[in-house]
Colleague: 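This is the structure I want to talk about, given as structure tokens.
Whatever order the structure lists them in is the order used to number ligands and atoms, beginning at 1.
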Amino acid sequence: MSGHDHEGEILRYRTRQRIVHAVMASSFLILLITGLALVWGPLAFIAAGGWSRYLHRIAAVGFISVPFLYILLDRAGAREVLVESFQYDHDDVVWFKKMYRYALGRTSDMPPQGRLNAGQKLHHSAVIIFSAVIVATGIVLWGFKSSLSPTMLAWTAMIHDLSMLALTLLLVGHVFFTYVYKAWSSMATGYVPEDEMKLEHGKWVEELEHQVATGSES
Ligand code: HEM
């Protein structure tokens with residue numbers, strides 16, 4: 001569908017979208033490691049000398065920049081992921097009921113899905129919400145610590161840490177599904193096999209075929 005160089009493949013993520021994902025994933029992993037070093041004994045050696053605190057702040061700037069970078073580099077992609085992640089239909093409800101089959105790598109009998117399947121919608125929307133909480137509490141801890149009462153400081157730090165824990169658990173699921181469905185090519189090259197997409201994202205492929213037929217592809 002996508003031209004001679006990529007016969008039998010579909011473009012899933014444009015280069016600029018993949019750059020945004022790389023900034024998000026790498027800054028998140030640095031935040032996780034340097035953050036864990038502050039609260040978990042076995043990693044405390046990383047915090048020795050205090051340099052990991054600076055790295056944590058540098059990575060925080062990278063993580064905070066993600067939505068702005070996305071809007072700057074690919075406004076349509078940013079709008080798409082924001083809107084689609086929070087829109088569920090009946091097929092998505094059925095998909096969730098059969099999710100255990102999908103987790104085992106079985107796509108047959110799953111209801112047809114759009115560009116994002118129901119699990120991806122849940123993952124992406126949760127990433128957006130928890131990231132917003134992490135950024136908001138992180139900015140308070142960074143710049144306004146001294147103006148907080150001890151109780152407020154403890155609450156802010158706890159919400160910050162629990163949101164990071166939630167994002168880490170989401171990441172485990174995210175990497176698990178990437179592995180089970182060999183989805184890495186969508187972020188590595190941008191392209192994915194068309195036959196696999198017909199099975200996993202049938203409604204999306206139909207939409208693309210309709211756009212090609214009517215000459216309305218973007
Ligand atoms: C480090 C290991 C990671 C791997 C292997 C990975 C893998 C992937 C893959 C393959 C996709 C495309 C899935 C598809 O076909 O639609 C994707 C998308 C996505 N990932 Fe990751 N990811 C990683 C880290 C992260 C982290 C740390 C976050 C968030 C904190 C994240 C959030 C997202 C989001 C929001 C999307 C959708 C991107 C968009 O629509 O522009 N990922 N990831």
Colleague: Is any side-chain heavy atom of F63 closer than 4.5 Å to one of M24?
Modeller: yes

Colleague: Could you list which atoms of ligand 1 come closer than 4.0 Å to a heavy atom of S186?
Modeller: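 Selected atoms, number and element: 10 (C), 12 (C), 13 (C), 14 (C), 15 (O).
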
Colleague: Given F28, W184, F130, Y181, identify the one with the heavy atom nearest to atom 30 (C) of ligand 1.
Modeller: F28

Colleague: Could you tell me whether the side chain of H201 and the main chain of M197 form a donor-acceptor pair under 3.5 Å?
Modeller: no

Colleague: Would you mind listing which atoms of ligand 1 come within a distance below 4.0 Å of any non-hydrogen atom of V81?
Modeller: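 Per the distance check, 40 (O).
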
Colleague: Using a 4.0 Å cut-off to any heavy atom of A183, which atoms of ligand 1 qualify?
Modeller: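 Answer for ligand 1: 10 (C).
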
Colleague: Counting non-hydrogen protein atoms only, what is the nearest one to atom 26 (C) of ligand 1? Give residue, atom name and distance.
Modeller: L171 CD1, 3.8 Å

Colleague: Please check if the number of heavy atoms outside R115 that lie under 6.0 Å from its CZ is greater than 12.
Modeller: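 It does: R115 CZ has more than 12 such atoms within range.
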
Colleague: Do the side chains of H21 and Y13 get nearer than 4.5 Å, heavy atoms only?
Modeller: no

Colleague: Is the contact between H174 and ligand 1 made by the side chain, the backbone, both, or neither, using heavy atoms and a 4.0 Å cut-off?
Modeller: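 Only the side chain of H174 comes within reach of ligand 1.
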
Colleague: Does ligand 1 have an atom that lies less than 4.0 angstrom from a heavy atom of L167?
Modeller: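 For ligand 1, residue contact (heavy atoms, under 4.0 Å) with L167 is absent.
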
Colleague: For atom 42 (N) of ligand 1, which candidate among M187, Q17, R12, H21 provides the closest heavy atom?
Modeller: H21

Colleague: Hydrophobic clustering (ILVMFWY, side-chain heavy atoms < 4.5 Å, transitive) - are V66 and I71 grouped together?
Modeller: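 In one cluster with I71: V66, no.
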
Colleague: Is the closest side-chain heavy-atom distance between R12 and Q17 below 4.5 Å?
Modeller: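 SC-SC contact between R12 and Q17 ruled out.
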
Colleague: So, are D109 and K98 salt-bridged, with charged N and O less than 4.0 Å apart?
Modeller: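 Looking at K98 together with D109, the answer is no, because their closest N to O distance does not fall below 4.0 Å.
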
Colleague: Could you tell me whether ligand 1 has any atom less than 4.0 Å away from a heavy atom of Y70?
Modeller: yes

Colleague: Check whether any side-chain heavy atom of M164 lies under 4.5 Å from a side-chain heavy atom of D161, and answer yes or no.
Modeller: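 In short, these two side chains do not touch, never coming nearer than 4.5 Å.
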
Colleague: Around atom 16 (O) of ligand 1, find the nearest protein heavy atom and jot down its residue, atom name and distance.
Modeller: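 Checked against all protein heavy atoms, atom 16 (O) of ligand 1 sits closest to Y13 OH, 2.6 Å.
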
Colleague: Only heavy atoms of H123, strictly under 4.0 Å: list the atoms of ligand 1 that pass.
Modeller: 32 (C), 33 (C)

Colleague: Which of the numbered atoms in ligand 1 are under 4.0 angstrom from any heavy atom belonging to Q120?
Modeller: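 Ligand 1 atoms under the 4.0 Å threshold to Q120: 13 (C), 14 (C), 16 (O).
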
Colleague: Considering heavy atoms of the protein only, find what lies nearest to atom 2 (C) of ligand 1 and give residue, atom and distance to 0.1 Å.
Modeller: V175 CG2, 3.9 Å

Colleague: Quick check: H124 and ligand 1, any N/O pair under 3.5 Å apart?
Modeller: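 N/O-N/O distance under 3.5 Å: no.
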
Colleague: Looking at atom 32 (C) of ligand 1, what's its closest protein heavy atom, distance included?
Modeller: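 Looking at atom 32 (C) of ligand 1, the protein heavy atom closest to it is M24 CE, 3.5 Å.
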
Colleague: Is it possible for you to say whether V172 and I33 belong to one hydrophobic cluster, with membership spreading through side-chain heavy-atom contacts below 4.5 Å?
Modeller: no

Colleague: Please check if the number of heavy atoms outside R101 that lie under 6.0 Å from its CZ is greater than 12.
Modeller: yes

Colleague: If we set the cut-off at 4.0 Å for heavy atoms, which region of L29 has an atom near ligand 1: side chain, backbone, both, or neither?
Modeller: side chain

